Amino acid sequence: MRCETVAVGTELLLGQVVDTNSAWLGEQLALAGIDRTHGQTVGDNLERIVSALELALGRADAVIVCGGLGPTQDDITREAVAAVMGVPLVHDDDVADRILERFAARGRRMPANNLRQAQVPRGATVIVEPQPGTAPGLVCQVGDKVVYAVPGVPYELHEIVLGAVLPDLQRRAGKQAVIRSRTLRTWGDSESGLAERLAEHMAELDQGGPTAPTLAFLPVVSRGSRCASP
Ligand code: ATP
Ligand code: MG
């Protein structure tokens, strides 16, 4: 089972918001034994979200797209997923009722824009539970592949991914596994010096096929960050 992630939001490309969702998804997918083979970041632009999803679906069995499920005009992940599925968006009464109930429970009037969140690509399955925010997660079948659309707000994403997406992915994968990582800390030798000493072992690992362990060097560098002058 190969899974890719797509993080949607122009604020991510501009560096205004740090994309912690992709890092968290990478960690959780590894713990669930699912290979995350690529991750993309794309702005709030329909054409570019569609092409990011198509690229991911061309390579992987499953795609998790996060962000852009909000009520405003710039939240267009639903439209992009519907375009990739080749279906229209349809109004879902149950989703609309749940959004209305949430506002009513807090004694607030629901802005009409929130009904955008009740638009669902025809044929998609709405993740009813958990639904921590107003936007429900969506499970969208595209041929024999699947796209999960989940909100960008980190705590909402966490609940929906842990509660519904990962169990569904594991069921589709048909087996339980984990991808284990171990960190061996060293000090004193340079990165290239260590690589030279380990060359023989690394060559052996390379012979082990696609599921053999891999070894990566993660030098810790502590220097101040720089930015371009305006
Ligand atoms: P909502 O239904 O709340 O509008 P949404 O799916 O539309 O959710 P966005 O509007 O794209 O999500 O983002 C909502 C907030 O979540 C952003 O202001 C940002 O703080 C945070 N966020 C979005 N994407 C990410 C990300 N990849 N990593 C970390 N935080 C993110
Ligand atoms: Mg957004």
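Read the numbers this way: they start at 1 and go in the same order the structure lists the ligands and their atoms. Count residues from 1 along the sequence. Just so we're clear, the structure is a prediction, and the values are computed from it rather than from any experiment.
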Using a 4.0 Å cut-off to any heavy atom of [X], which atoms of ligand 1 qualify?
X      : answer
Pro151 : 6 (O)
Val17  : 30 (N), 31 (C)
Gln117 : 2 (O)

If we set the cut-off at 4.0 Å for heavy atoms, which region of [X] has an atom near ligand 1: side chain, backbone, both, or neither?
X      : answer
Val153 : both
Leu12  : side chain
Asp75  : side chain

Please tell me if the side chains of [X] and [Y] come closer than 4.5 Å, counting only heavy atoms from C-beta onward.
X      : Y      : result
Asp168 : Arg171 : yes
His91  : Val120 : no
Met110 : Ile99  : yes
Phe217 : Leu198 : yes
Thr5   : Arg36  : yes

Task: Donor on one side chain, acceptor on other, Asp74 and Thr72, under 3.5 Å - done: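 Distance-only check passes for Asp74 and Thr72.
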
Would [X] count as being in polar contact with ligand 1, using the rule that some N or O on each side must be under 3.5 angstrom apart?
X      : result
Cys66  : no
Glu156 : no
Thr20  : yes
Asn21  : yes
Gly70  : yes

TODO: Keeping the roles fixed (side chain from Lys145, backbone from Leu57), state whether a donor-acceptor pair exists under 3.5 Å.
DONE: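 Yes; at least one donor-acceptor contact below 3.5 Å.
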
Does at least one non-hydrogen atom of [X] fall below 4.0 angstrom from an atom of ligand 1?
X      : result
Gly68  : yes
Val18  : yes
Pro154 : yes

TODO: Please name the residue in the list Asp92, Thr134, Asp75 that meets the side chain to side chain donor-acceptor pair (under 3.5 Å) test with Gln117.
DONE: Thr134

TODO: Give, for atom CZ of Arg109 and atom CG of Leu100, the distance between the pair rounded to the nearest 0.5 Å.
DONE: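 It is 11.5 Å, given to the nearest 0.5 Å.
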
